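One structure is given below, encoded as structure tokens.
Chain letters run A, B, ... following the sequence lines, proteins first, then strands; residues in each count from 1. It should be emphasised that the depicted structure is a prediction, and the values quoted were computed from it without experimental measurement.
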Amino acid sequence: MDFWTGLLQGILQTALSPTTAAFALAAIGLNVHFGFTGLMNMGQAGFMLVGAYGFGVSVTLGAGFWVGIAVAIGAAVLFALILGIPTLKLRGDYLAIVTISAAEIVRMVVKLAALQDITGGPSGIPGQKYRPVFTELSPLPEGRTNILGLDYANTGVDDWWTRIVAWGLVLFFLLVTWLLMRSPWGRVLKGIREDEDAVRSLGKSGFAYKLQALILGGLIGALGGIVMALPSAMQPDSMGRPTTFNLWMIVLLGGAATIFGPLLGSILFFVVRLVLTGFASEFIPSTVLNNQQTEQLAWVLIGISLILLVVFRPQGILGNKKELSFNV
Amino acid sequence: MARTTAIPVNARRWMGVSLLLALTIALFGGLFDAPAAHAADCTPDATTGCVQGVIKTSDGEPAEGIEVTLTGGGEDQSVRTDAAGRWVFAVTAAGDYTVAVTESSLPEGQFFKSAGSRTVTVQLNNQASALFPLSDEKSAEQSGDGPKADGGSDKQASGGASWGRFWQQFVSGIRMGLLIALASLGLSLVFGTTGLSNFAQGEMVTMGGLLAAGFMTLTGNLWLAGLLAVVISAAFGWAQDKVLWKPLRRRRLSLMQLMIVSIGLSITMQYLFQFFWGSGVVRIDKATAATTSLLGVTLTTQSWVAMGISLLAIVGVGLGLMYTRFGRATRAISDNPALAQASGIDVDRVINIVWIVGAGLAGLAGVFLGLVFNGLNWFTGGQLLLMFFAAVTLGGLGTAFGAFVGSMIIGMMVELTNIWLPGDLKYATALLLLILILLVRPQGIFGRKERIG
């Protein structure tokens, strides 16, 4: 019985955790890229990293909260411009290779031991260096609050304030994508996804729209990176290639080109993983499978389900197969 | 070979760029020397966590007086190992710390076997440890990310780039280039014939190395183990095509979908490797490797042999592509699959053989990587994957000769930037080159313009 209540509690905790919100945000951004515009961005984790470090480094150097956010957004826009201008004219798989390489370069540079004083090198920036500017904005009273058996400090390290802001941002950007995608601008994006030549023949510059989409999605990803770093610490390796692949899994699982797909995808992704590892550690004796091995098998499962998903249900749970076009 | 002679000129231009970069980084980086304290004892309690370890020389004697530093989480400590080779740090906050051994304090003739710095996760009321195995040969320390040792016996100005160092790195670059070429030939051939950007190529490389390590413990004969690993890799290529890729081509999946399938395959394989082989370094040949000096360059004997066999294999595949019926069929399919099919070529059979050859070469690359860098882990191939892509794109997607030249350039870049830039940047420069090439000449050196959409 303890196991079941514990599991339920764990599911609720995971579904509401800031990490889930961070992945949902980054997946919303990736959905703008891939789902709506058809861009194969394989470096979304790079945008997260640029955002997180833009914020973290500027705050540790003494900037305030809003300046830090502005730096993060500026860095993400710059990153999108640098990536987009040369590659958006190329075929889809080139964009994929360039974005994945650029994300790796950023990660390697941030990880440099020579930049230890600024970025913290391989060990990153500890949370207490940049969190205070965020927590002091909290309007919540002192103390702890218990909702549905979830007990967190109102304002502190892993607190309600982070959760409120994180999920507020998710809701805000869901609204933004919903409004944008039914606007004329969004229709042009979808047109580019379906047939770029047709859009160009109507006098729209496919390149400009694609670049705008890359910037918007990257910006949302950068905010996702900040949200991910807020409750814990900033580490270059936590925003590497596996993170990008997870985001793809999330978008494809929930349903690309849908508004709520990224949200559903990221909650499912984390909850299902929790349930699987929870069951494995409860019912399979640790002599057969220890915790580490369960974790590895969970990853194997993620890989296999990514294959199955793309082959048999590329539109995901919420998607419409006609809406999804894998160009090239 | 006419190409390789042109490289130093090319590389020199890069040197200028990298030198500038290095200066900027040095300006930013600064030096942080902390006073060295003597190793004290540390008992973990509710507010203290300990990081500790023992450093021994390659012959098992404790190494005294080696400087070890701990950084991260606001800490910046430094100690020297005591008479028992022991070092201890006490920290007051849980988290990740970087422990590094100062290379200049190592006893003479000793080098890092793997990395010279490690990240350890420390918990309060607990002990964490980090190992820094030492080796008595210089080439052994290349498998890690650690900074490279300057020449062992001859004294060099620190940070200076002497001609000897350049020459040594140049030959290492050729070695790296040949290994990359082995792996990227398959990538390039598969891309040419099917259009698939195979993200699981790195894992096929890793698999070759890990299999060789497995067979080595079973048989004890290096040649036999390597041969078996290559054969099984090739068989895996055959099976992969039959079970996965051919049915997917039949279902008319788009290239993007195929690419994501290969990403899924790569994740699956990486964690299966971890499951079966663990996440540590697996060594194929546990004996201390002998070294041979040729033309003033000292590499392990295995490296020289590996370079020779790689060159033979690459030339063999190149000649096969040029002069055999099968090679012509492969090139015909790369040019125009529909036309090739119409003129009576069995496209599926040719693609299947391309998979077998590509996977076999990738497996061979894995075996050599494991030998040359003295061990490999589950992510060795994954780490190099982008190098393969860079090589293939640089030469021109889908052209085999282009893949070879691209590989040599990338291999050279990786090893040569190592002279001026910190070791952790060596892959970044190659990726930067990839992006620049795509900017200026997206079809690569030998690609044709119409390939680009």
Side-chain angles (χ1 to χ4, degrees), chain A residues 40 42 83 85-87 89-94 96-98 100-102 104-105 108-109 111-118 120-124 126 128-129 233 235 241-242 245 248-249 252 292-293 295-311 314 325-328, chain B residues 25-26 28-30 32 71-74 93 95-98 100 117 119 145 147 195 197 199 244 248 251 253-261 263-272 274-275 279 382 386 389-390 393 397 422 424-425 427-428 431-432 434-435 438-440 442 451-453:
Chain A
M40 293 290 291
M42 282 288 162
L83 276 188
I85 289 174
T87 52
K89 288 172 181 160
L90 301 175
R91 213 174 51 189
D93 43 356
Y94 281 85
I97 293 178
V98 169
I100 201 173
S101 314
E104 286 287 292
I105 293 179
M108 288 173 191
V109 169
K111 231 179 125 170
L112 268 184
L115 293 178
Q116 183 106 27
D117 289 353
I118 303 169
S123 45
Q128 60 265 30
K129 283 204 178 166
Q235 268 190 318
R241 245 188 292 169
F245 295 159
W248 272 88
M249 177 80 194
L252 290 171
Q292 205 185 356
Q293 287 170 324
E295 193 64 27
Q296 286 158 1
L297 281 189
W299 273 99
V300 170
L301 217 59
I302 287 175
I304 293 176
S305 23
L306 188 60
I307 297 178
L308 295 179
L309 204 62
V310 174
V311 173
S325 83
F326 284 93
N327 288 317
V328 185
Chain B
I25 288 163
F28 273 118
F32 23 96
T71 47
D96 283 351
Y97 294 87
T98 305
S117 101
T119 305
D145 281 337
S197 310
F199 275 69
L244 190 64
L248 291 185
R251 284 179 66 103
L253 253 66
S254 75
L255 293 180
M256 292 292 124
Q257 276 168 298
L258 289 178
M259 193 171 111
I260 299 178
V261 169
I263 291 176
L265 184 66
S266 126
I267 298 176
T268 311
M269 287 175 72
Q270 280 178 8
Y271 286 90
L272 282 177
Q274 270 199 49
F275 189 77
S279 48
L386 289 174
F389 273 120
T393 319
L397 279 175
D424 18 5
L425 261 191
Y427 295 122
L431 294 180
L432 195 65
L434 164 69
I435 293 181
L438 282 174
L439 226 155
V440 186
R451 274 195 193 283
I452 316 304

Region of A/Leu308 in contact with chain B, defined by heavy-atom distances below 4.5 Å: neither
Heavy-atom contact with chain A under 4.5 Å, split by part of B/Leu272: both
Please classify the contact between B/Leu265 and chain A as side chain, backbone, both or neither, with a heavy-atom cut-off of under 4.5 Å. both
Rounded to the nearest 0.5 Å, what separation is found between the CG atom of A/Leu252 and the OG atom of A/Ser305? 11.0 Å
Measure from the side-chain N and O atoms of A/Gln296 to the backbone N and O of B/Tyr271, and report whether any donor-acceptor pair falls under 3.5 Å. no
Let me know if A/Met42 has heavy atoms under 4.5 Å from chain B in its side chain, its backbone, both or neither. side chain
Within this structure, what is the CG-CD1 distance for the pair B/Leu431 and A/Ile100, rounded to the nearest 0.5 Å? 9.5 Å
CD1 on B/Ile267 to CZ on A/Phe245, rounded to 0.5 Å: 6.0 Å
Inter-residue atom distance A/Ile105.CD1 - B/Leu432.CG, 0.5 Å rounding: 5.0 Å
Most contacts with chain A, counted as non-hydrogen pairs under 4.5 angstrom, among B/Arg251, B/Gln270, B/Met269: B/Arg251
Of all of B/Leu258, B/Thr268, B/Leu244, which one pairs up most often with chain A through heavy atoms under 4.5 Å apart? B/Thr268
Listed partners of A/Glu104 passing salt bridge (charged side-chain N to carboxylate O under 4.0 Å, His left out), at least two apart: A/Arg107, A/Arg241
Which region of A/Ala102, side chain (C-beta onward) or backbone (N, CA, C, O), has a non-hydrogen atom less than 4.5 Å from a non-hydrogen atom of chain B, or is it both or neither? both
Which atoms of A/Glu295 approach chain B - backbone, side chain, both or neither, heavy atom under 4.5 Å: neither
